[in-house]
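Working notes for the structure below.
Chain identifiers are assigned alphabetically (A, B, ...) following the order of the sequence lines, protein sequences preceding nucleic acid strands; residue numbering begins at 1 within each chain. As a basis for the values below, the full set of heavy atoms in this structure was taken, side chains included, without hydrogen atoms, waters or symmetry mates.
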4 protein chains.
Amino acid sequence: MGARSSKRKQEAPAGRTFIEEARRAQIVAAAIEVIAEFGYAKATFGRIARRAGLSSTGVISYHFAGKDDLMREVVAEVMRVADGYMRPRVEAETTSSGRLRAFIESNLALLEEFPRHLPAMVEVLSNVAGRCQGEPAREFAEAMEKATAAQIEGVRHAQKAGDFREFDAETMVIAIRGAIDALVVRAARDPGFDAAVRGRELAEIFDRATRRTP
Amino acid sequence: MGARSSKRKQEAPAGRTFIEEARRAQIVAAAIEVIAEFGYAKATFGRIARRAGLSSTGVISYHFAGKDDLMREVVAEVMRVADGYMRPRVEAETTSSGRLRAFIESNLALLEEFPRHLPAMVEVLSNVAGRCQGEPAREFAEAMEKATAAQIEGVRHAQKAGDFREFDAETMVIAIRGAIDALVVRAARDPGFDAAVRGRELAEIFDRATRRTP
Amino acid sequence: MGARSSKRKQEAPAGRTFIEEARRAQIVAAAIEVIAEFGYAKATFGRIARRAGLSSTGVISYHFAGKDDLMREVVAEVMRVADGYMRPRVEAETTSSGRLRAFIESNLALLEEFPRHLPAMVEVLSNVAGRCQGEPAREFAEAMEKATAAQIEGVRHAQKAGDFREFDAETMVIAIRGAIDALVVRAARDPGFDAAVRGRELAEIFDRATRRTP
Amino acid sequence: MGARSSKRKQEAPAGRTFIEEARRAQIVAAAIEVIAEFGYAKATFGRIARRAGLSSTGVISYHFAGKDDLMREVVAEVMRVADGYMRPRVEAETTSSGRLRAFIESNLALLEEFPRHLPAMVEVLSNVAGRCQGEPAREFAEAMEKATAAQIEGVRHAQKAGDFREFDAETMVIAIRGAIDALVVRAARDPGFDAAVRGRELAEIFDRATRRTP
DNA sequence: TATGAATGAGACTTCATTCAT
DNA sequence: AATGAATGAAGTCTCATTCAT
């Protein structure tokens with residue numbers, strides 16, 4: 001039997017050897033590329049293994065409990081990278097509107113640093129999460145829900161502090177998310193896409209939408 | 001011989017009997033429901049046939065040239081419905097900002113009238129269009145591109161007329177589209193979703209984003 | 001129920017109305033064209049119906065007991081035509097070697113008069129007959145066997161009469177048949193095929209092979 | 001991932017493990033038997049898998065890129081065997097007529113050694129090659145064309161050297177091929193078929209047809 | 001720890017055939 | 001006598017997953 005039966009894989013997410021961790025990372029990286037390039041539906045283990053330079057799909061099944069597990073890892077990886085990139089940029093800002101701007105702009109800037117990461121995540125989330133069938137999907141949904149809830153809370157807090165005008169925070173957060181994702185998808189297709197310019201434009205749009213009227 | 005041979009299927013989209021048209025409509029309706037509920041990947045002929053009360057997937061293959069053909073029909077049907085619903089509401093408005101508001105609000109109102117239609121279309125478009133592999137995908141992509149281009153042109157025109165302030169029209173149109181789609185996806189999952197309220201909120205957001213500063 | 005149940009179709013091959021006979025002939029003609037053009041495997045009822053200008057495959061099933069029945073009819077039709085064309089030409093000859101030459105040359109000439117007939121028959125015979133599965137196949141086999149046997153008998157007779165030299169008549173007949181069929185197949189593909197020239201050449205070959213040495 | 005991804009399958013025909021080669025050979029052998037027995041049309045993956053003692057058709061799809069690939073392998077295998085058997089026998093002869101005789105006789109002798117090989121190849125070639133639809137078919141057609149062209153050239157050379165009399169080399173080669181194939185088909189059906197005798201008879205026939213008159 | 005091979009469920013599609021009208 | 005619609009079996013192919021080595 002493999003080092004970790006599918007049971008244990010679920011129970012003990014940690015405690016991996018260095019080499020195993022490396023393989024997982026390698027596979028996740030390949031998966032991100034393949035998903036971004038071919039879309040979720042065509043991101044088969046076969047293609048991912050080939051991209052990773054692996055000779056068999058068995059390796060993937062060996063390291064991950066299943067496709068859902070791999071996809072969860074893909075999303076987690078992208079979130080980790082996104083957080084590492086965006087958080088310092090957002091936290092460097094002192095005003096609410098500054099943070100909103102930084103959030104939007106750094107999100108799009110991320111697209112230039114890691115062109116495949118966000119498109120891959122958008123693909124996965126729109127295909128796996130949402131529909132609540134099976135554990136992993138629910139896990140995604142809850143994670144996203146939590147992140148969104150935190151953002152909403154932040155916006156509400158800013159509203160109370162008088163930094164933002166009145167509006168429905170939840171709708172605003174969803175709108176911002178949707179607008180960014182739409183640009184991400186666009187970027188994945190349009191080679192001449194200028195992320196910096198688009199980021200500034202989008203930030204401007206939502207700045208006007210949230211700003212208190214003087 | 002199928003209702004329409006694969007050759008003729010491409011050549012002569014019209015000329016269907018009443019009963020065949022009815023079956024096609026029934027299948028498309030079932031497909032819309034299944035796609036909205038299970039997502040594009042799990043919207044198999046089997047599930048769609050079962051939902052439509054059909055005894056075999058062969059019936060679907062009999063009436064449609066293939067999965068792509070069915071999906072094209074799904075998108076076309078949703079667009080037909082959406083256009084019938086939104087166009088009069090948008091065209092009833094006389095100002096640019098009124099039209100923008102009507103566009104957004106009627107788009108979300110549509111969600112209440114046909115809760116499955118927009119989610120299904122978003123699913124299909126994000127999975128079939130986009131990556132340009134094969135004729136039908138390209139067809140979608142071009143249709144969407146054209147629609148988007150028209151909207152951009154409309155916005156630019158309004159800007160020139162002084163109805164909207166200065167901003168990048170393309171980014172704005174994409175942002176609006178993305179924001180609406182995000183709410184559509186949200187609505188598909190959240191039973192308590194109030195489309196009217198969300199529509200008003202979203203319209204407000206983009207009204208502020210586009211309005212000339214007084 | 002149709003005019004003839006599948007049972008009756010087998011039992012009463014005759015007694016058809018004029019119009020029914022016409023339809024059958026039309027379908028057989030279409031089948032011959034399709035088989036010659038696409039090969040046996042791709043000669044589906046759909047293609048045949050389309051070629052015949054029929055709107056449904058049901059018509060074919062209505063007029064023929066099944067695919068095998070249609071194929072039998074195809075072979076019978078080609079044999080009828082071939083016999084009508086070749087027999088007078090063969091019987092006009094008075095010598096054995098003249099008849100052999102006439103047989104070969106008229107067979108290839110037939111290819112020019114009815115370019116689809118022989119290729120179609122070769123297709124059907126090599127795919128349906130031979131393998132003895134089911135009644136119709138056996139029927140074919142026997143019919144061919146009988147025709148071949150008659151030819152062998154004729155050759156033996158000519159040998160006894162001293163018109164032909166000594167050789168195994170059966171092998172000779174099979175060889176002639178095979179050589180002609182190979183040229184038929186060739187003709188079906190090669191647009192510049194000159195049937196008259198090839199016929200003369202082939203007749204010459206087998207004339208030398210059968211002629212008594214002086 | 002299959003043993004060879006469809007990409008690699010085309011690119012790297014070699015580089016197979018021993019066990020995979022064995023499976024492929026086993027499947028090809030089963031295919032040859034099934035084709036010879038049931039004909040090309042009924043030689044389905046299901047029947048072939050059953051004959052090979054395999055539990056599912058998936059195994060075949062795993063080892064071959066598709067049905068065309070398997071059929072190509074079948075033809076290649078038969079040609080390999082035929083070449084190995086016939087070439088030494090033909091090349092051992094020093095005269096043109098000796099080589100022709102050896103060609104015909106060894107071809108029929110092969111029928112006794114491997115009774116299913118030639119019938120299977122004839123089946124495949126007459127069904128897959130011929131009509132040029134798709135890459136693999138064209139590949140076959142070209143290979144056969146080349147072989148035939150070489151034979152024609154050889155015959156012409158012998159004619160120039162005065163070994164053969166005057167006749168159209170192309171027609172002669174096609175006739176020989178057709179005659180042999182007809183006997184091959186005959187042999188597949190007739191249990192009492194004596195390949196050696198038939199071979200001698202056929203060789204005699206074409207010897208007389210090609211021999212210079214003294 | 002990894003892999004090659006196999007598996008088997010399930011997908012789409014094609015086709016001859018049936019049947020009510 | 002004909003037709004359009006439907007059927008269902010059968011076919012090829014793809015994949016995630018398993019397992020012995």
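Atom CE of C/Met71 and atom CE of C/Met121 lie 14.0 Å apart (nearest 0.5 Å). Interatomic distance, CD of A/Glu21 versus NE2 of A/His63, reported as 10.0 Å (0.5 Å rounding). Rounded to the nearest 0.5 Å, atoms NZ (B/Lys67) and CZ (B/Arg72) are 14.5 Å apart.
The side chain of C/Glu20 has F/dA1 as its nearest neighbour among F/dA1, E/dG4, F/dT12. The side chain of B/Phe45 lies closest to E/dC12 when the candidates are E/dC12, F/dG4, F/dT12. Closest contact between the side chain of A/Thr57 and the listed nucleotides E/dC15, E/dA5, F/dT17 involves F/dT17. Side-chain proximity of C/Ile19 to F/dA16, F/dA2, E/dT3: nearest is F/dA2.
Residue contacts shown for D/Leu54 are absent, as no nucleic acid heavy atom lies under 4.0 Å away. Counting non-hydrogen atoms under 4.0 angstrom, D/Ile60 reaches nothing in the nucleic acid.
Closest non-hydrogen pair, B/Phe64 versus B/Asp69, comes out as CA-OD2, 3.6 Å.
Between E/dT1 and A/His63, no contact under 4.0 Å exists linking OP1 or OP2 to a side-chain N or O. The side chain of A/Ser61 contributes no N or O atom lying less than 4.0 Å from OP1 or OP2 of F/dA16. The side chain of B/Ser56 contributes no N or O atom lying less than 4.0 Å from OP1 or OP2 of F/dA9. For the pair C/Ser55 and F/dG4, the criterion of a side-chain N or O lying under 4.0 Å from OP1 or OP2 is met. One finds no side-chain N or O of D/Arg23 lying less than 4.0 angstrom from the OP1 or OP2 phosphate oxygen of E/dA5.
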Return a table of donor-acceptor pairs under 3.5 angstrom between the side chains of residues 26-36 of chain A and protein atoms on other chains or two or more places apart.
| residue | atom | partner | partner atom | Å |
| --- | --- | --- | --- | --- |
| A/Gln26 | OE1 | A/Arg23 | NH1 | 2.6 |
| A/Gln26 | NE2 | A/Ala52 | O | 2.9 |
| A/Glu33 | OE1 | A/Arg51 | NH1 | 2.8 |

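Using a 4.5 Å heavy-atom cutoff, the side chains of B/Leu70 and B/Ile48 are in contact. B/Thr44 has its side chain within reach of B/Arg47: a pair of non-hydrogen atoms, C-beta onward, lies under 4.5 Å apart. A/Glu20 places a side-chain heavy atom less than 4.5 Å from the side chain of A/Thr17.
Remark on DNA chain E: of its neighbouring residues C/Thr44 and D/Gly58, the 5'-side contact belongs to D/Gly58, judged by nearest-heavy-atom nucleotide. Along DNA chain F, the nucleotide nearest to A/Lys67 and the one nearest to D/Ala43 differ in position, and the one closer to the 5' end is contacted by D/Ala43.
Atom P of nucleotide E/dA11 and atom CZ of B/Phe64 are separated by 19 Å, given to the nearest angstrom. What separates CD1 of A/Ile27 from C1' of F/dT17 is a distance of 14 Å, to the nearest Å. Spacing between atom CZ of B/Arg50 and atom P of F/dG8 amounts to 15 Å, rounded to whole angstrom units. To the nearest angstrom, C1' of E/dT1 lies 15 Å from CZ of A/Arg16. Atom-to-atom, CG of D/Leu70 to P of F/dG11 comes out at 15 Å; the value is rounded to the nearest Å. Spacing between atom CG of D/Asp68 and atom C1' of F/dT12 amounts to 11 Å, rounded to whole angstrom units. In this structure, the CD1 atom of B/Ile48 is 15 Å from the C1' atom of E/dG10, given to the nearest Å. The distance from atom CD of B/Glu21 to atom C1' of F/dA5 is 14 Å, rounded to the nearest whole Å.
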TODO: Could you summarise the pairing of DNA chain F as dot-bracket text, marking Watson-Crick and G-U pairs under 3.5 Å with ( ) or [ ] inside the strand and | across strands?
DONE: .||||||||||||||||||||
